[in-house]
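Values in this document were obtained by computation on a predicted structure and should not be read as measured data.
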Amino acid sequence: VGGHLANKPGLRELIDVDHVVQGEGVSWFRRFLGETGDRPIRHPLIGSAFGSRAMGVPFGGGKGETAATVIPSVGCPMGCNFCSTSAMFGGKGSFFNFYDSGDELFEVMCGLEKALETRSFFVMDENFLLYRKRALRLLELMRQHGKSWALYVFSSANTLRLYSLEELVGLGISWVWIGLEGNGSEYVKLKGADTRSLVRTLQANGIRVLGSSIVGLLEHTPDNIDAAIDYAVSHDTEFHQFMLYTPVPGTPLYAEHREKGTLLPADDCPDADSHGQLRFNFRHPHIRNGEETEFLLRAFRHDFEVNGPSIIRIARTMLRGYQAHKNHPEPRVRERYRWECKHLGTMYAGAVWAAEKWFRRDPVLSARIRGLRREMEREFGLKARLAGPVLGTFLLATLRREEKRLARGVASEPPTFYEMNEAAAGLAGVRSKDAGRCRWVEVEPSVATRLPKPAAARVATAEVADLFPMPAEAEAAGA
């Protein structure tokens, strides 16, 4: 057993298992099989999504429409006390680089681009931009080779402040997941950051934001929870994730609650319910009797009521980015905004038209949507004015059908799939007809990388800057 489950205390006594593998598992599994643990690795070919729907219409199934997944590193040295991913790979100050240099990463991304016929990448890395030297070398190579790539990344607020807007735009940062956590959070990654101003600046350049906020921080009470929700909603991000403050096994937060005796027993909160989207798995000092479930739902509802549907927010930010950079001096940047926004004047125009009709009884929200529709029509002219009602009529019908579908209780469930390599497929007795074949990026031997040794298991927070040098101007700004 590996992954996050391996961090659960007493796992060996709960299930019949031969090995519990904590942390990075690729090198462990190679040693287990008698192979060299640090031999060159091969990046798998993985898509980032399946079964996507919007307004009742499936999308993303065409060639090049789904981003490739790329995994440069695992772990995060920031080490927030609640973060299970950081804890899984050594905690504060620790991380594993699968690709140490921008050159190695560039070759892998070129391979993914060719094999999956895509120009967008979901960067599965907790804080990709924190490794500044690698990111800037990647930018240099993207410029040299004219790559109009789009990157969807995770990042902390203060890490984003290490980069100029020109660098972020040049890297193709198109989506960014930012941990906003809560107003006045003491986490290092947020210290001194004006996250609302940061989000507005990103959106003005077409960078869409997924904000992540915590409901149930220890300072939250029934009296101040609405103010906490209002603060999160005021960011007006394209997507917003609200999660309950949850001590996950392996994290410092879990250890703290275990020591205090404030974790709930399994009879009161089964492991299957300890996922942050239902209830607390500990005794909160101020929020009791299951109130947190209603607070969580309240946060999602309030965000929707105030900021409207995400597809409208996405269209708004894409339009801003297109207007800001359609005449960018760098051809590859112009090309990225062109292909990312190619449907703004047609399909998005229809979606905005349909949304305006859908929310016609909400005067404030419908007025906002109407303003966006008119701005799109000014930018794209007759095309948008025609596409709006034509495609919008169709989308309004599919939206009504989707509402009925969801009212019947239809829910999204991920399918189960598995892959095997040729050696496994050739074994006697192995049923391989339902399995896909393992596929990976082929790179030149000169750029093949090796599994890393982890950074020092414990690096003081003050030393993180030594791992990731900070530009003088960012340091002066308090980043």
Side-chain angles (χ1 to χ4, degrees), residues 2-5 25-26 42-72 74 85 98 108-126 128 149-154 172-177 208-210 212 237-241 243 272 275-277 300 309-311 313-315 318 339-343 347-348 350-351 394-395 398-399 401-406 408-421 424-425 431-441:
H4 292 286
L5 184 61
V26 178
R42 295 180 294 191
H43 196 291
L45 299 176
I46 318 171
S48 62
F50 49 83
S52 303
R53 296 171 68 87
M55 302 180 79
V57 180
F59 71 95
K63 184 181 295 186
E65 290 184 5
T66 299
T69 299
V70 59
I71 311 173
V74 289
T85 306
F98 291 125
V108 168
M109 292 173 71
C110 285
L112 289 166
E113 175 187 41
K114 181 179 179 181
L116 299 178
E117 299 183 79
T118 186
R119 291 190 282 182
S120 55
F121 300 88
F122 172 46
V123 185
M124 183 73 81
D125 187 317
E126 285 294 297
F128 170 67
W149 289 343
L151 275 59
Y152 313 149
V153 306
F154 298 85
I173 305 301
S174 181
W175 274 95
V176 59
W177 177 311
R208 286 138 282 168
V209 179
L210 192 161
S212 180
T237 56
E238 280 63 45
F239 292 148
H240 210 124
Q241 171 188 273
M243 291 286 285
H275 48 65
Q277 282 293 320
F300 281 111
S310 286
I311 195 166
R313 306 183 217 180
I314 291 169
M318 290 176 68
W339 69 260
E340 277 203 297
C341 300
K342 64 182 179 182
H343 297 305
M347 287 191 287
Y348 278 96
F394 167 75
L395 289 173
T398 61
L399 193 54
R401 185 175 63 194
E402 183 76 349
E403 186 181 44
K404 293 177 183 178
R405 174 177 172 270
L406 296 175
R408 294 196 302 270
V410 177
S412 297
E413 293 290 343
T416 298
F417 59 91
Y418 63 100
E419 297 176 341
M420 60 176 64
N421 60 22
R431 293 183 60 188
S432 62
K433 66 176 183 178
D434 297 326
R437 290 297 181 268
C438 296
R439 300 170 61 213
W440 51 81
V441 176

Next item on the list: Answer yes or no: is there an ion pair linking E340 with R208, defined by an N-O contact shorter than 4.0 Å?
Entry: yes
Note to self: Any salt bridge linking E419 with R439? Criterion: basic side-chain nitrogen under 4.0 Å from a carboxylate oxygen.
What the structure shows: no
For [X] versus [Y], what's the shortest heavy-atom pair and its separation?
| X | Y | value |
| --- | --- | --- |
| C438 | N421 | SG-N, 3.6 Å |
| V441 | G111 | CG1-CA, 3.6 Å |
| Q277 | F300 | OE1-CE1, 3.8 Å |
| P44 | L112 | O-CD2, 3.9 Å |

Out of curiosity, [X] [atom1] to [Y] [atom2], how far, rounded to the nearest 0.5 Å?
| X | Y | atom1 | atom2 | answer |
| --- | --- | --- | --- | --- |
| L395 | M55 | CG | CE | 5.0 Å |
| F154 | S212 | CZ | OG | 9.5 Å |
| Q241 | M243 | CD | CE | 5.0 Å |
| R119 | W339 | CZ | CH2 | 5.5 Å |

Side-chain heavy atoms of [X] within contact of [Y], under 4.5 Å:
| X | Y | answer |
| --- | --- | --- |
| S174 | L151 | no |
| P415 | F50 | yes |
| L210 | V176 | no |

Next item on the list: Starting from the C-alpha separation in whole Å, work towards a yes-or-no answer on side-chain contact (heavy atoms from CB on, under 4.5 Å) for V74 and D125.
Entry: CA-CA 6 Å; V74 289; D125 187 317; over 6 Å; no
Notebook entry, point to check: With sequence neighbours left out, what residues match T69 under side chain to side chain contact (heavy atoms under 4.5 Å, CB included)?
Noted result: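 T69 satisfies side chain to side chain contact (heavy atoms under 4.5 Å, CB included) with I46, S48, I71, F122, M124 only.
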Under the rule for ring-ring contact (aromatic ring centres under 6.0 Å, His included), what residues qualify as partners of [X], not counting sequence neighbours?
| X | value |
| --- | --- |
| H43 | none |
| F239 | W175 |
| F394 | none |

Next item on the list: With side-chain contact (heavy atoms from CB on, under 4.5 Å) as the test, would you mind laying out the steps for R53 and R405 before giving the verdict?
Entry: CA-CA 13 Å; R53 296 171 68 87; R405 174 177 172 270; 3.5 Å; yes
Note to self: Between S310 and E238, does the side-chain hydrogen bond (donor to acceptor under 3.5 Å, both in side chains) criterion hold? Intermediate values first, please.
What the structure shows: CA-CA 5 Å; S310 286; E238 280 63 45; over 6 Å; no
Margin query: Donor-acceptor check, side chain of T66 to backbone of G60, threshold 3.5 angstrom: yes or no?
Written below: yes
Next item on the list: Determine which pairs satisfy side chain to side chain donor-acceptor pair (under 3.5 Å) with at least one residue from residues 108-118, sequence neighbours left out, and list them in order.
Entry: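 For residues 108-118, and leaving out neighbouring residues, the side chain to side chain donor-acceptor pair (under 3.5 Å) pairs sorted by first residue read E113-K147, E113-W149, T118-S120.
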Margin query: Using side-chain contact (heavy atoms from CB on, under 4.5 Å), reason through I314 and Y348 one step at a time and then give a plain yes or no.
Written below: CA-CA 9 Å; I314 291 169; Y348 278 96; 4.0 Å; yes
Checklist line | Contacts of type salt bridge (Lys or Arg N to Asp or Glu O under 4.0 Å), residue R42, not counting sequence neighbours | finding: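 Salt bridge (Lys or Arg N to Asp or Glu O under 4.0 Å) list for R42, sorted by chain: empty.
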